[in-house]
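As the structure is a prediction and not an experimental result, all values here were calculated from the model.
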Amino acid sequence: MKKMLIIAYIFFSILFAQNQSQIDSIYFVLNQLPNNSQMAVAFINDQNVSYYGAIKENGQIRQIDNYKSVFEIGSITKVMTSAILANLVLEGKVALDDPLQEHVPFKLKRADKNGKTVTIKMLSNHMSGLTRMPNNMWFDLLFNSKNPYKKYDLNRMEKYYKKRMKMNRSPGESALYSNIGVAFLGHTLGYIENTPYEELLDKYVISMYEMTSTSLDKNKLKDSLVPGINNNGEVATNWDLKAFNPAGGILSSVEDLSRFAKANFTEDPVLQFQRGKTAKYNENIDIALGWLIFHEGNEIIYWHNGGTGGYSSDMSININTKKSIIILSNVSAFVKEVNQYQSLNFFLLSEMN
């Protein structure tokens, strides 16, 4: 049986192998990154998956097998948090247009602004008007930059919402990307279920889609964890996201994220609901629950990326063609060349047969 599985894996890997232009484009970007950089790329075509991994060492690039390797995925976590929300909505435990205050066990400093109320949906689609980051963690960002979230626990986040909550725009006025908003969404779902966020993540995402190499706890995955690097190719500190886990704390592999991507090509009612457009992010981009929606010619692409102090990630899915690209790397989001990942992703997607 094991021999047959290996033969089947090799057969499908050849059948859905990457073309030379795709490999060249991966190498082109990787060549601009620091030494010790590596990429793990998943090519999903409906229920079939192939992988390509590469590493840069001493200025040379070579192919490696890293589809099971684990990376911090950063803000792609927001897609998973919104998947939890979609589940609870379909279970009738919360409605998207419920005021946030209805589900928080303490009085918010500011539940509305200019007569507009912050709702559950607005935390997911960045329409709440909340600032990107809370104003009670600037010290952490300035003086603990190698691991800035480590001391920001749920108690501090709750104090922010009780005493310092600030909105730069009226709720629903326009999109304003907010890490503090999505992070608090995860904990609000925990209030609703009287269950910690990490248990909701396991129930509605990790266990649901059999993502066995996915966790918020890096110690559980340490044997497979690729060290992150900075712009000099030196090992970077892994981030402890603490209260910000729902906004960026997940660690995973391209193999696991492929399982989530493939589920989007099925009749999964939760993921279908999650992909429904909820607002405009800007003139050219719409937004769903967790996903940004791009219109590329006649194609609709759901996309999100992520970045931490030692890792960068990029994920796209095209529901019409049932194709997806996932890029995970061990390169800090503060390395400017990783800004090319979205263009690389969309190119790889367009080149899939």
Side-chain angles (χ1 to χ4, degrees), residues 72-86 88 94 96 98 100-101 103-106 108-111 118-141 144 147-168 171 175-193 195-202 204-205 215-218 238-252 274 287 289-292 304-309 311 313 333:
E72 294 177 5
I73 70 170
S75 286
I76 292 178
T77 300
K78 293 178 172 68
V79 176
M80 311 305 166
T81 297
S82 288
I84 299 171
L85 169 61
L88 298 190
V94 62
L96 290 181
D98 283 353
L100 174 61
Q101 183 64 82
H103 298 289
V104 177
F106 53 81
L108 297 169
K109 170 70 174 178
R110 173 170 283 178
V118 178
T119 66
I120 294 294
K121 177 172 64 179
M122 291 176 185
L123 295 183
S124 176
N125 64 12
H126 302 286
M127 295 293 289
S128 66
L130 284 161
T131 56
R132 186 182 185 96
M133 299 296 292
N135 59 10
N136 65 340
M137 71 170 296
W138 294 119
F139 182 91
D140 305 78
L141 295 171
N144 299 313
N147 196 357
Y149 300 89
K150 186 175 182 179
K151 296 181 179 180
Y152 202 94
D153 59 15
L154 183 55
N155 182 55
R156 281 183 68 183
M157 185 171 285
E158 290 179 340
K159 284 183 178 179
Y160 170 77
Y161 275 94
K162 291 176 183 178
K163 299 180 179 181
R164 306 180 72 166
M165 180 180 177
K166 182 180 179 182
M167 289 176 276
N168 283 353
L176 183 63
Y177 194 88
S178 177
N179 285 315
I180 186 67
V182 180
F184 196 58
L185 170 63
H187 298 300
T188 300
L189 301 177
Y191 300 146
I192 292 169
E193 286 290 87
T195 303
Y197 170 79
E198 55 266 29
E199 293 184 21
L200 296 179
L201 178 67
D202 181 71
Y204 289 112
V205 178
S215 179
L216 294 169
D217 185 354
K218 63 180 179 291
N238 287 100
W239 277 5
D240 299 293
L241 273 290
K242 295 292 185 176
F244 278 85
N245 270 334
I250 292 177
L251 300 94
S252 191
Q274 182 186 0
I287 190 164
L289 297 177
W291 290 109
L292 295 178
H304 214 295
N305 68 351
T308 65
Y311 303 83
S313 59

Side chain to side chain contact (heavy atoms under 4.5 Å, CB included) filter on L292, not counting sequence neighbours, yields Y281, I285, I287, F294, W303
Nearest heavy-atom approach of G307 to W239 is O-CZ3, 4.3 Å
Applying salt bridge (Lys or Arg N to Asp or Glu O under 4.0 Å) to K218 and not counting sequence neighbours gives D240
What one should report as the nearest heavy-atom pair of P171 and M122 is CB-SD, 3.6 Å
Side chains of E72 and L241: closer than 4.5 Å at any heavy-atom pair? no
Between P134 and F244, the two heavy atoms sitting closest are CD-CZ, 3.6 Å
*S313 side-chain N/O to G306 backbone N/O, donor-acceptor pair under 3.5 Å*: yes
### Query
Short question: side chain of S178, backbone of T131 - any donor-acceptor pair under 3.5 Å?
yes
Sequence neighbours excluded, the answer for side-chain hydrogen bond (donor to acceptor under 3.5 Å, both in side chains) partners of S75 is K78, Y177
Tightest non-hydrogen contact, residues H103 and P105, listed as O-CD, 4.0 Å
Applying side chain to side chain contact (heavy atoms under 4.5 Å, CB included) to R156 and not counting sequence neighbours gives M137, D140, K151, Y152, D153
Taken in chain and number order and not counting sequence neighbours, the residues that satisfy side chain to side chain contact (heavy atoms under 4.5 Å, CB included) with E198 are P196, L216
Report yes if some heavy atom in the side chain of N168 is under 4.5 Å from a heavy atom in the side chain of R132; otherwise report no. no
Practice problem: Tell me, with the steps shown, if V182 and H126 meet side chain to side chain contact (heavy atoms under 4.5 Å, CB included). | Solution: CA-CA 8 Å; V182 180; H126 302 286; 3.5 Å; yes
The residue among L85, I84, V79 that forms side-chain contact (heavy atoms from CB on, under 4.5 Å) with Q274 is V79
Rounding to 0.5 Å, atoms NZ (K109) and CZ (R164) come to a distance of 10.5 Å
Rounding to 0.5 Å, atoms CG (L100) and OH (Y161) come to a distance of 7.0 Å
Distance col, row T188:OG1 vs D98:CG, nearest 0.5 angstrom, shows 11.5 Å
Are T119 and L96 close enough that some pair of their side-chain heavy atoms sits under 4.5 Å apart? no
Hits for side chain to side chain contact (heavy atoms under 4.5 Å, CB included) against T77, two or more places apart or cross-chain, chain-then-number order -> I73, T81, Y197, I250
Between the CG atom in N136 and the OH atom in Y160, the distance rounded to the nearest 0.5 Å is 7.5 Å
With a 4.5 Å limit on heavy-atom distance, are the side chains of K121 and N125 in contact?
yes
Minimal heavy-atom distance between H304 and G290, with the atoms involved, is CD2-O, 2.9 Å
- Step by step, work out the side chain to side chain contact (heavy atoms under 4.5 Å, CB included) result for F184 and M165. CA-CA 11 Å; F184 196 58; M165 180 180 177; over 6 Å; no
Rounded to the nearest 0.5 angstrom, the CG-NZ distance for L130 and K166 is 11.5 Å
Heavy-atom nearest pair, S128 first then M167, reads O-SD, 3.5 Å
Decide yes or no for L251 and Y311: does some side-chain heavy atom of the first lie under 4.5 Å from some side-chain heavy atom of the second? no
ask   = Does any non-hydrogen side-chain atom of E158 lie less than 4.5 Å from one of V104?
value = no
Rounded to the nearest 0.5 angstrom, the CD1-CG distance for I120 and L289 is 11.5 Å
